[in-house]
Colleague: 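Got a structure here, written out as structure tokens. Questions coming.
Both backbone and side-chain heavy atoms feed into the values below; hydrogens, waters and symmetry mates do not. For clarity, every value in this text was computed on a predicted model and none was experimentally measured.
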Amino acid sequence: MTTTDANHMPVEQRASQLRRRMVDALLASGDLVSPEWQAAFTVVPRHVFVPEFWQQGPGGQQHVGAHTADAWLTGVYDDRVLMIRPDGGSSSTVPSLMAVMLEALDVTDGQRVLEIGTGSGYNAALLCHRLGGQNVTTVDINPELVTDVRVRLSEAGYRPTVAVGDGAAGWADGAPYDRLIATCAVDTIPPAWLEQVRSGGRIIVPIATGIAALTVTRPGGADGPFLAISAYFMPLRGADEPAAVDTILAVAADPTLPARATTLGADVWFDNAFRFLLAATLPGLRLLTSDPAQQTAIVTHPDGSWARLADGKVTQGGPRDIWAIVERTRRQWDRLGHPNRERFTLTATGNHQHIRLANTALAWRLPTTAP
């Protein structure tokens, strides 16, 4: 019996139809340019790597899969991020952002690529289609996820090296690589990545809510611009997390703590343009809870600093007055005239990394060790 979707069309036929529509949209937007990547997106079946996903609905999380065939296939080939685990611990990246990053990777035949963050395996499959499985290594910290992805890649006819490991350490067994692409966000470039990519090689990495396109210009060092696009990826697992989150939430809820007036509300967190400079200034800042309608939020930093916004006032704790830094950064942002991401560059070595605004002396140093 042939599997069909809600429109009584065989799944593979419907998937092919939706895939062509997705590619047409990526070409029209300019996110997909080269014939090689066009071919990869046209052929590689994303639905094989996303057999189910979870989305927020009126009654909470909703499971979408083959039991809701057309909703599943339509969602898989829509241009949106898909949560592939119910705990939100892993996702499949928005196809348009994947296309931009893969185009920026600037690969040629025969080059070897290390991918940090296997996720659903779809990006690894695209790399395999373009370069051959023998030239692709993908690493993820989650053993269960890696086991599932190995099976799906094999079913789709792709056989890259799929390894379990801490992405911050790269994968030394296959080094040196010609290219490295990360599908998780970092606050600073891990030294292992700089060491494992050959001179002249390229690193595409989400950082400070943007995408840095770096070229390795010296041993352990790389430089390059940010792309114009914004990017909000899950952080590299194993990276520093906010200290004692449950404790912070409990302490921040205490109404008797002293508060002061602030002119900034929770909406600054959702200002896409400003978030870049904020992330460059306070790498590691995380949003714990938020209600934009009520202008309330709690933000925290891995060093244990936190701030709670409510009713035009801010309450803080921890070693640093992080909301004062946010306020100062906003004033600087206004003075600079709101520069977009592509006006910034990143320079990275193992012991010194900074983001710089082009044609100025302004630079924001990134941490190279945990705070």
Side-chain angles (χ1 to χ4, degrees), residues 88-89 116 141 166-169 182 184-194 205-210 212 231-254 256-262 264-266 268-271 274-290 296-310 313-333 344 346-356 362-371:
I116 305 295
I141 202 169
D166 180 357
C184 48
V186 295
D187 296 324
T188 187
I189 309 297
W193 298 5
L194 300 170
V205 55
I207 187 168
T209 75
Y232 296 88
F233 281 84
M234 291 181 179
L236 176 70
R237 278 171 288 180
D240 295 318
E241 294 296 332
V245 169
D246 290 342
T247 301
I248 288 172
L249 289 172
V251 171
D254 183 352
T256 67
L257 292 175
R260 66 170 176 83
T262 177
L264 294 183
V268 301
W269 191 262
F270 304 97
D271 184 335
F274 171 62
R275 279 284 301 282
F276 178 82
L277 190 65
L278 181 59
T281 304
L282 272 174
L285 193 68
R286 303 283 186 261
L287 180 70
L288 294 186
T289 64
S290 173
T296 62
I298 298 175
V299 295
T300 189
H301 189 272
D303 69 1
S305 301
W306 59 269
R308 174 171 61 86
L309 299 170
K313 295 182 179 180
V314 60
T315 304
Q316 300 193 91
R320 287 196 291 173
D321 184 346
I322 56 173
W323 199 251
I325 300 174
V326 173
E327 291 169 323
R328 188 165 61 246
T329 303
R330 183 68 194 203
R331 291 193 296 270
Q332 182 182 41
W333 171 250
F344 293 84
L346 173 64
T347 294
T349 64
N351 57 14
H352 183 85
Q353 301 188 16
H354 65 265
I355 292 172
R356 184 178 298 278
L362 296 173
W364 293 262
R365 184 159 186 168
L366 302 179
T368 51
T369 57

Colleague: Sequence neighbours left out, what passes side chain to side chain contact (heavy atoms under 4.5 Å, CB included) with Pro319? Give chain and number order.
Modeller: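 Pro319 satisfies side chain to side chain contact (heavy atoms under 4.5 Å, CB included) with Asp303, Ser305 once adjacent residues are dropped.
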Colleague: Going by the rule side chain to side chain contact (heavy atoms under 4.5 Å, CB included), which residues pair with Ala192 if we only count those two or more places apart in sequence or in a different chain?
Modeller: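 Scan of Ala192 (side chain to side chain contact (heavy atoms under 4.5 Å, CB included), adjacent residues dropped) gives Gln196.
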Colleague: Residues in side chain to side chain contact (heavy atoms under 4.5 Å, CB included) with Ala280, at least two apart?
Modeller: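 Expected list: Ile355, Trp364.
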Colleague: Side chain to side chain donor-acceptor pair (under 3.5 Å) with Arg330: which residues, sequence neighbours excluded?
Modeller: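 Residues passing side chain to side chain donor-acceptor pair (under 3.5 Å) with Arg330: Asp271.
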Colleague: CD1/Ile322 to CD/Gln316 distance, rounded to the nearest 0.5 angstrom?
Modeller: 6.5 Å
Colleague: For Thr347, enumerate each residue passing the side chain to side chain donor-acceptor pair (under 3.5 Å) test, keeping only those at least two apart in sequence or located in another chain.
Modeller: Asp223
Colleague: According to side chain to side chain donor-acceptor pair (under 3.5 Å), who are the partners of Thr289, at least two apart in sequence or on a separate chain?
Modeller: none
Colleague: List the residues meeting side chain to side chain donor-acceptor pair (under 3.5 Å) with Arg365, not counting sequence neighbours, and say none if there are none.
Modeller: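 Listed in chain order: His352.
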Colleague: Sequence neighbours left out, what passes ring-ring contact (aromatic ring centres under 6.0 Å, His included) with Trp323? Give chain and number order.
Modeller: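 Applying ring-ring contact (aromatic ring centres under 6.0 Å, His included) to Trp323 gives none.
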Colleague: How many angstroms lie between atom CD1 of Ile248 and atom CZ of Arg286, to the nearest 0.5 angstrom?
Modeller: 12.5 Å
Colleague: Rounded to the nearest 0.5 Å, what separation is found between the CZ atom of Arg308 and the CD1 atom of Ile298?
Modeller: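 It is 6.5 Å, given to the nearest 0.5 Å.
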Colleague: So, using salt bridge (Lys or Arg N to Asp or Glu O under 4.0 Å) as the criterion, who are the partners of Arg260 when residues are at least two apart?
Modeller: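 Listed in chain order: Glu327.
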Colleague: Could you pull out all residues at least two apart from Ala253 that satisfy side chain to side chain contact (heavy atoms under 4.5 Å, CB included)?
Modeller: none
Colleague: Keeping the roles fixed (side chain from Thr188, backbone from Pro367), state whether a donor-acceptor pair exists under 3.5 Å.
Modeller: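 Yes: the side chain of Thr188 pairs with the backbone of Pro367.
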Colleague: With sequence neighbours excluded, what pairs up with Phe233 under the ring-ring contact (aromatic ring centres under 6.0 Å, His included) test?
Modeller: none
